[in-house]
**Q** 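What follows is a single structure, and I will ask about it in a moment.
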Amino acid sequence: MPRHALTRSGASVVLSVALAGTLVPLFPGAALAADGPAAEVVVPAPVRYQPRADTVLEAGADGFLHQREGTTGTLWTEYATGASTPLAATGDGYGGMRAALDPATPGAPRTVSITALGSTGVRRVEVPEGASWTEGFTADSILVSRSAADGSLASLGVVRMRDGKAVEQPVTGVPGGFKLMYGVAYQRTAKGAVVFLATLDGAVEKEYLVDYASAELREMPDHGDVDLEQFGDRHLLDRYGGDAPRQVRTVPRDNPMATPVVTQMPAPANGYRYDQGAEVLIGDWIVFGWTPESWKSALPGVQLQAIPVGGGQPRFLLAHSAARPQAAPDGSLLVTGGTGATDWAVRRIGLDADGVPVITKVQDVPTAPTTVDGLTLGAGALHYRTTAGASPASELYRHLLSITGTPTADRRVMVRGLPILVNALVPLGNGEAAHQSNTDVIGGLTGEHADGMYGRLSGGSGRYVVSGTATTQYVGDLQRQFSTRSFSGKAASTVWGTTVWLSDPAKPSTVSWYDVKTKATSSALAIGSGCTPDRLQAVGRWLHWSCAKGAKAGVWDQKTRLSTPVPFGETQLGDGFVVRKDRAAGKLTLTDFHTGDPAAVRTADFASVPADADWSVDKFGGHVAFTDAEERIHIKPVTVPRSPITVIEERQDTTVLNVANGGDSGWHGSWQLSRPALRTSIEFKNPAGTTVAGWSSADRFGAQVSMGWDGRGSDRAPVPAGHYTWTLTADPGDGSGPRAVRTGTIQVADVYLPFRDYDRDGVGELFARSGGALSAHEPVKGTSTTSSGWTGVSAVVPFGDLDNDGCNDVLTRTTTGELYRHGAKCAGVPGPTSPKVKIGAGFNAFDALLNPGDMTGDGRADLLARQRSTGDLYLYADDRAGGIKAGVKFAGKWNGLTLIGAGDLDRDGHADLLARDAGGELWRYESTGTGAFHARTLVFSDWGAGRDAIIGAGDVDGDGKNDLVSRDTNGKLLRNSGRGDGTFGPTIQIGSGWGARGTLY
């Protein structure tokens, strides 16, 4: 079997880590704890994830009118200066302009006053005698109409002031016999307006476009309600173009009656829907939007894109936008949007020199102020809720902290826009925090939850959470819904790992524990509190108790069974210390009791904080987080020596690994550590203690690590089946160095087979031949397989895998001396008609043929043969091509001995040969791994009398060590179990009636 060195991350590695991306960057040579920084760091005040709402209402020539969250009314902001002033925009207008008919003055011409928002200037345009203002206007002109005596429209005109006089430009194309309906213009823009005309009897209605530049009246097609049409500089857009698939129709502005151009709009991406009625024209492009289908979208609004009129390659414009873009007098569009709260701005969509839409920033939208509430820190994962103003809606965030304490880019919104019970937010130590929603406890981003959790959520550790009322406590498993257990009559609870601690008013001054996995419950344990704790906290060996009645608290040391008094109040427990918030003094104090000696307890100031500061002790690490007056988050290390890193909860798959023939199942393990590890390593060793696979990883999820193994070595070849030992080592990064935190065993089966295993179960087979029947037996299991028709065979040799198919083969010698290889299929003994290949001749010259295992160190089985005439021993090595190499003589004078091929008996990775001499001594010959033997070692004296067969049958009892099986002359089957050091245990009978089984191999 190949022996593989420990690999860092070789091809044999199969990791199963819940975190996407490495949480902890490594700093070579730095002795830093893995749960945060070595010095205090300050995280900037959080920004509300949802951008501040800021809606553009109008886009003018010099500024824009908008409504911003947090302000009353509307604001006018100038492009040039960015200055914003409150402005209650009244009156009728568009594009940042207002126009109104001035009050009539006797003897004076009627005038229309045109003003620009944000400006005190007024431009007055006279209404010619006999004309009426249609309410159409631009920055320097008005649209007027005249009626004939019969009420029909006589004319339209565009009036401008020139040198103090009104100059009217007649509009051409006015049809006869039509009247101006309502006497007003609609869809006003800086370049034109729409009017409704109808016959005098009202039987026919039409809509026309008035183009100010050319002073033309252009008939428009009848596409329905004009309010649903959008006007651009070059095109008119009709939104009634079909929805499945979505189509948009446009006509040229200078020829509205032309055949419409149909533009096929792109199908929305997954998770989006088309934003109906939001299309806007700019130049020769149609701006359109996709709206998220779910309210769970992290940001509001529409994803904006643009497509050329008539179709073509869409152009991305803006990831998120709020409200519909507003057209400015120059034809550009204004809209609010960006990629997130810190990139939210009013932006202009304009055209570049090639007429392609481009985005430029007009003004940033400031982020919304927030308050941190419900701050928790657990194993380097920072969770907190933010609130804004008096709204009950909140956002719950997670930051994964790097080793320097700075948040990574993986700031995630866990819950958006929902009320959260802030005082029920607890860290789990696995990178998540749990929060309560009614009687359900939700396990962070995973969606796992425990139901039936009444009262207040009081603690969590990995997958387990506890809550309770004054009289009943509850423990839930986030990974097993409907598994919550209640404990009536209990006053307080907490959890650490799999241990739930409970207090009982009926038994003051005591606590008890309940193990969630084993269901074991302790008797009452005296903690010397002198009261019934109504609050409990647990970290490692420490149990903090607090009694509101009597206002006292202490820490009970499970190691010394002593209780140490600590300050009472608003406290949180850490590993060997407790932190108390003194609201009146505006500070956090730290009490150090890590020695377990009450006389050595010390209390000192830790940090200054506001009275309303949020704060959290990382019970899975050695840091404290707290907010300051500016809502910044401080992460400060604690210098109290911490307990050694341990495993507090673990899960592994079943012990049998099955990856044969391309299978993809394997072994996986997950360990919840007491504190985060900077790096974890795992090694897999075979029964000889040789490392066959291993790797290291800095990946973790809080203090939880997950790893797996596919049963292959570093060369990607399956390791032999058998029992392997794994060891998990963790380095906390604090200078204490790596530490083995857990070890276990795994039975690898259904892969490359060990010595004499023919059915992929890791257990060796004993062969027996009687007449023409050949059988393979597992005596302990009582199972066997048999095949018939074996004639002309003088010897059978159970062998290793010569043909490289992953199954052990069988060699037979015919009565004429030819040697054949029979390919087995890992299903017990093969049949005589199974695929066979002749691999040698002349083997009648040998009186002993046996397979000792790997003697040459190439990981392949070898054949030993003793020459009948001389007693010389020959070695036939595996040629890796389905056969054997030429025999090599390497020892002489082996006649008179009973030779037994036993496999690797002492776990050194090399084959061993047993030989019983005529005097009854049993000797072991250890292979050097180079085709020779070390000096022999006595195994038994005067052993084997009355035995007619002695077989090295491999691991018969399934303990991973090769055994010795023999049969006495009374037909009893006996076993001496291998101890793994080359010796054997006492003789045990494992069967009877084996005298009828014939020859044993």
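Because only heavy atoms are used, hydrogens play no part in the values below, and waters and symmetry mates are left out as well, while side chains stay in.
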**Q** Using the test salt bridge (charged side-chain N to carboxylate O under 4.0 Å, His left out), find all partners of Arg583 that sit at least two apart in sequence or belong to another chain.
**A**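 Testing Arg583 for salt bridge (charged side-chain N to carboxylate O under 4.0 Å, His left out), a comparison that skips the adjacent residues, returns Glu570.
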**Q** Only counting residues at least two apart or in another chain, list the ones meeting side chain to side chain contact (heavy atoms under 4.5 Å, CB included) with Thr499.
**A**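 Only Trp501, Trp513, Asp515 meet the side chain to side chain contact (heavy atoms under 4.5 Å, CB included) criterion with Thr499.
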**Q** Whether the side chain of Ser461 engages the backbone of Trp496 through a donor-acceptor N/O pair (distance < 3.5 Å, no angle test) should be reported.
**A**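 No, because the side chain of Ser461 does not come within donor-acceptor range (under 3.5 Å) of the backbone of Trp496.
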**Q** In this structure, is the centre-to-centre distance between the rings of Tyr397 and Tyr384 below 6.0 Å?
**A**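 Ring centres of Tyr397 and Tyr384 closer than 6.0 Å.
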**Q** Give a yes or no on whether a salt bridge exists between Glu448 and Arg463, defined as a side-chain N under 4.0 angstrom from a carboxylate O.
**A**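 No.
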**Q** Hey, is the main chain of Ala379 close enough, under 3.5 Å, to the side chain of Asp618 for a donor-acceptor pair?
**A**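 Yes, the answer is positive, given that a donor and an acceptor are paired below the 3.5 Å cut-off.
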**Q** Between Ser674 and Thr646 (side chain of the first, backbone of the second, donor and acceptor by atom type, cut-off under 3.5 Å), is there such a pair?
**A**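 Yes, the answer is positive, given that a donor and an acceptor are paired below the 3.5 Å cut-off.
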**Q** Is the shortest heavy-atom distance from the side chain of His383 to the side chain of His435 under 4.5 Å?
**A**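 No, side chains not in contact.
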**Q** In the structure I gave you, are the side-chain heavy atoms of Thr627 and Trp615 within less than 4.5 Å of one another anywhere?
**A**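 Answer no - side chains too far apart.
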**Q** Which atom pair, heavy atoms only, marks the closest approach of Val617 to Gln572?
**A**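 Heavy atoms of Val617 and Gln572 come nearest at N-OE1, 2.9 Å.
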**Q** So how far is it from Ile682 CD1 to Thr727 OG1, rounded to the nearest 0.5 Å?
**A**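 Interatomic distance, Ile682 CD1 to Thr727 OG1, rounded to 0.5 Å: 8.0 Å.
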**Q** Quick one: does Arg739's side chain have a donor or acceptor within less than 3.5 Å of a partner on Ile645's backbone?
**A**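 Such a contact is found between Arg739 side chain and Ile645 backbone.
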**Q** How about Val638 and Val624: do any of their side-chain heavy atoms sit closer than 4.5 Å?
**A**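 They are in contact (side-chain heavy atoms under 4.5 Å apart), so the answer is yes.
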**Q** Around atom OH of Tyr454, are there more than 12 heavy atoms from other residues, nucleotides or ligands closer than 6.0 Å?
**A**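 Count not over threshold, so no.
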**Q** Is there a donor-acceptor pair under 3.5 Å between the side chain of Gln652 and the backbone N or O of Gly669?
**A**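 Checked: no pair found.
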**Q** Do the side chains of Lys490 and Asp504 get close enough for a salt bridge, i.e. N-O under 4.0 angstrom?
**A**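 Asp504 and Lys490: salt-bridged.
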**Q** Is the shortest side-chain N to carboxylate O distance from Asp35 to Arg700 below 4.0 Å?
**A**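 A salt bridge is absent here (no side-chain N lies under 4.0 Å from a carboxylate O).
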**Q** The criterion is ring pair (Phe, Tyr, Trp, His ring centres under 6.0 Å); which residues satisfy it with Phe487, sequence neighbours excluded?
**A**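 By the ring pair (Phe, Tyr, Trp, His ring centres under 6.0 Å) rule, Phe487 matches Tyr514.
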**Q** Within the structure provided, determine whether Gln473 and Val500 are in side-chain contact (heavy-atom separation under 4.5 Å).
**A**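 No. Closest side-chain heavy atoms not under 4.5 Å.
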**Q** Say whether, by atom type as modelled, one donor and one acceptor occur between the side chain of Thr370 and the main chain of Val47 under 3.5 angstrom.
**A**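 It does not hold such a pair.
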**Q** Which atom pair, heavy atoms only, marks the closest approach of Ser493 to Ser458?
**A**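 Looks like O-OG, 3.4 Å.
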**Q** Centres of the Tyr724 and Trp667 rings: under 6.0 Å?
**A**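 Between Trp667 and Tyr724, which both carry aromatic rings, the centre distance is not below 6.0 Å.
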**Q** How far apart are the closest heavy atoms of Arg742 and Glu650, and which atoms are they?
**A**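 Taking every non-hydrogen atom into account, NE-OE2, 2.7 Å.
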**Q** Shortest non-hydrogen contact from Gln436 to Ser467?
**A**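 Smallest interatomic distance, heavy atoms only, reads NE2-CB, 4.4 Å.
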**Q** Would you please name every residue forming a side-chain hydrogen bond (donor to acceptor under 3.5 Å, both in side chains) with Arg480, sequence neighbours left out?
**A**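 Testing Arg480 for side-chain hydrogen bond (donor to acceptor under 3.5 Å, both in side chains), a comparison that skips the adjacent residues, returns none.
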**Q** Would you say the side chain of Thr339 lies within less than 4.5 Å of the side chain of His320, judging by non-hydrogen atoms?
**A**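 A side-chain contact under 4.5 Å is absent here.
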**Q** Under 3.5 Å, is there a donor-acceptor pair between the side chain of Ser437 and the main chain of Asp440?
**A**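 Judged by distance alone, no pair lies under 3.5 Å.
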**Q** Do Lys517 and Arg651 touch side chain to side chain, with heavy atoms closer than 4.5 Å?
**A**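 Side-chain contact under 4.5 Å: yes.
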**Q** Going by the rule salt bridge (charged side-chain N to carboxylate O under 4.0 Å, His left out), which residues pair with Glu631 if we only count those two or more places apart in sequence or in a different chain?
**A**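 Glu631 satisfies salt bridge (charged side-chain N to carboxylate O under 4.0 Å, His left out) with no residue once adjacent residues are dropped.
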**Q** Under a 3.5 Å distance rule, please check whether Arg675 uses its side chain to pair with a backbone N or O of Ser643 as donor and acceptor.
**A**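 Checking the backbone N and O of Ser643 against the side chain of Arg675, a donor-acceptor pair under 3.5 Å is found.
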**Q** Could you tell me whether the side chain of Thr386 and the main chain of Thr371 form a donor-acceptor pair under 3.5 Å?
**A**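 No, Thr386 side chain to Thr371 backbone: no donor-acceptor pair under 3.5 Å.
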**Q** Does a side-chain N-to-carboxylate-O contact under 4.0 Å join Lys587 and Asp582?
**A**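 Result for this pair is no, no salt bridge flagged.
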**Q** Run the numbers on Trp695 and Trp726 for ring-ring contact (aromatic ring centres under 6.0 Å, His included), then give the verdict.
**A** CA-CA 12 Å; Trp695 56 90; Trp726 58 264; over 10 Å; no
**Q** Whether the side chain of Arg580 engages the backbone of Thr589 through a donor-acceptor N/O pair (distance < 3.5 Å, no angle test) should be reported.
**A**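 No.
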**Q** For Lys559, enumerate each residue passing the side chain to side chain contact (heavy atoms under 4.5 Å, CB included) test, keeping only those at least two apart in sequence or located in another chain.
**A**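 Only Arg541, Asp557 meet the side chain to side chain contact (heavy atoms under 4.5 Å, CB included) criterion with Lys559.
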